[in-house]
S.K.: 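Would you mind keeping the following structure in view while I ask a few things?
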Amino acid sequence: MTIAVTADGAGRARYTYRLRVSSTALARLEGEWARCRWVWNECVAVSRKVHDLNRTVTKKIMCGPAQLDRMLTGARQGMAWLREGSSVPQQQIIREFAKSRSKALGDIKAKLPMRRRAGMPRIKRKREAAPSLNYTRRGFRLRDGRLHLAGGIVLTPVWSRDLPAAPSSVRVHRDGLGHWYASFVVATESQPLPPAGAVIGMDWGVRETATTTSDAHDLPHAQHGKTAAVKLARYQRQMARRKTPRSRPDTSGYRKARRAAAKIHKKIARQRQDTGRKWAKAVVRDFDHLAVEDFRPRFLAKSTMARKAADAAIGATKTALVEMARKHGRTVHLVHPAHTTMDCARCGARAKHALPLSERTYTCTACGAVSPRDKNSARVMLVRAGLNPAGADLVRPAPCQGPGGVSQESPSYTRGRSQNPSPVPPARRRPPGPGPFSPTGTGLRGGCALHVGCPLVHGCVAQG
């Protein structure tokens, strides 16, 4: 279920159900998709023709939804085959085409790099395009537990759960395994949870998908893709051996191997989604404010960690966390990831050089704090988000000691137990001047970055 909550708390949710499709309904669905695919391809042809004409004329010719709707009306009057289908999905596919074309033209006008542009709409080929039919409220009815579509198509959804309200639209589509689904759009309200009185910071990674300031809420790498890699490679080799030239239809053996590989891919995607949602639910239930690294994992696709990073599904997990927080009224603070592995969460000092990935322990040269690299980054998220790190569920903060003092603290933290540090040098005040963690964003003048109101920089001992 995907949530898109607006500012006033109202939003829309998608509820997806598996469909039981009879042979008669299947034939009608495929016929309806053939008509919609023809309408899409005609829109693509008209768009290309208008583009060529606009190069030579001074007065530009428009190719928007209004012009395409008139084209559809004329085509339905002249073609009995097109009139056999409902006009609702045909009009909706024109809306989808117009949205896709508008996005592509907007990217061209904005002069985005080619790698970031959305391409112009292309022809939907019979063997490649997956069927997808959209119906507005006037194109479907729910009656006696069945879904009645315009055109006399009757489908039986598997009601795994009840719809909370009357749906405003439905999308009937088929996945790569040949299974049909109905996705209903329903108006929904935010479901705020009781205040938890705690905050959390989190850092994304490859060794662990999410490292947080709370040990209990760390998300380890599930390795769903690695577990299924052997089976997947077997079916992919079968596909490579049985592949036919493009001009010839696929053999039954190739289709069988392709279906088996698609089934494994579907299972891996569902496992990743389930793991991310369950973890996001636990985090949102226990914390009011979430300081999350605004991480974009796209660059990892070109690195040596590409396979493991893709298996971690960082982007999907982050999306699930943001959606779950919006659904339950929690606040998410997206923190820019620059220098989060170089800054010290205790005193705010920044390392002179970036830490290599092989170095998993962060040691501050200014205050001597020693902590796991990812845990330090998670605490930096809290500080940059303007949240009080002392109110977070920290993992035994290393004492801020002066030069020469070595911290003996373990990374684990037990509440309610004071720490007995080694002898520390006399406390010294930080010279006045801006620092990286001030309440105004310029520096914390003469104080410990961990405890509010603490005047000491070195010699500060963290209490439980």
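The residues of the chain are indexed from 1 along the displayed sequence.
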S.K.: I need the L382 CG to H289 NE2 distance, nearest 0.5 Å.
M.R.: 11.5 Å
S.K.: Please determine whether a side-chain nitrogen of the Lys or Arg among R207 and D374 lies less than 4.0 Å from a carboxylate oxygen of the Asp or Glu.
M.R.: no
S.K.: Using atom types as modelled and distance alone, determine if a side-chain donor or acceptor of R272 lies under 3.5 Å from a backbone N or O of H224.
M.R.: no
S.K.: Give a yes or no on whether a salt bridge exists between D69 and R95, defined as a side-chain N under 4.0 angstrom from a carboxylate O.
M.R.: yes
S.K.: Between M381 and M202, is a side-chain contact (heavy atoms from CB on, under 4.5 Å) present by the stated rule, with each step listed?
M.R.: CA-CA 7 Å; M381 302 299 166; M202 58 190 65; over 6 Å; no
S.K.: Judged by modelled atom types alone, do R101 and S47 share a side-chain donor-acceptor pair under 3.5 Å?
M.R.: yes
S.K.: Is N41 reaching over with its side chain to a backbone N or O of I123, donor-acceptor style, under 3.5 angstrom?
M.R.: no
S.K.: Is E208 paired with R360 through a side-chain N to carboxylate O contact shorter than 4.0 Å?
M.R.: no
S.K.: With side chains defined as the heavy atoms from C-beta onward, is the minimum distance between K318 and F295 less than 4.5 Å?
M.R.: no
S.K.: Do the side chain of R146 and the main chain of V154 share a donor and acceptor less than 3.5 angstrom apart?
M.R.: no
S.K.: Return the minimal non-hydrogen interatomic distance between C43 and L68, and the atom names on each side.
M.R.: SG-CD1, 3.9 Å
S.K.: Find out whether M120 and L105 are in side-chain contact, i.e. whether some heavy atom of one side chain is under 4.5 Å from a heavy atom of the other.
M.R.: yes
S.K.: For the pair H328 and K281, evaluate side-chain hydrogen bond (donor to acceptor under 3.5 Å, both in side chains) and give the outcome as yes or no after the intermediate values.
M.R.: CA-CA 9 Å; H328 295 294; K281 182 72 173 183; 2.8 Å; yes
S.K.: Using side chain to side chain contact (heavy atoms under 4.5 Å, CB included) as the criterion, list what pairs up with D175, not counting sequence neighbours.
M.R.: L177, H179, Y181, K266
S.K.: Evaluate the criterion side-chain hydrogen bond (donor to acceptor under 3.5 Å, both in side chains) for residue pair R242 and T251; output intermediate values, then yes/no.
M.R.: CA-CA 7 Å; R242 301 169 183 177; T251 62; over 6 Å; no
S.K.: Taking all non-hydrogen atoms of both residues, which atom of A228 and which atom of I264 are closest, and how far apart?
M.R.: CB-CG2, 3.9 Å
S.K.: Can you tell me if T212 and D218 form a side-chain donor-acceptor pair at under 3.5 Å?
M.R.: yes
S.K.: Evaluate the ring planes of W159 and F184, with Trp represented by its six-membered ring, and classify them as parallel (under 30°), tilted (30 to 60°) or perpendicular (over 60°).
M.R.: parallel
S.K.: In a check of salt bridge (charged side-chain N to carboxylate O under 4.0 Å, His left out) between D250 and each of K243, R127, R258, which one passes?
M.R.: R258
S.K.: Can you tell which of R277, K278, R270 makes a salt bridge (charged side-chain N to carboxylate O under 4.0 Å, His left out) with D274?
M.R.: K278
S.K.: Quick check: does any side chain N or O of H221 sit under 3.5 Å from a backbone N or O of K308, one acting as donor and the other as acceptor?
M.R.: yes
S.K.: Evaluate the side-chain proximity of Y17 to R161: yes if any heavy-atom separation is below 4.5 Å, no if none is.
M.R.: yes
S.K.: Going by heavy atoms in the side chains, are F287 and H217 under 4.5 Å from each other?
M.R.: yes
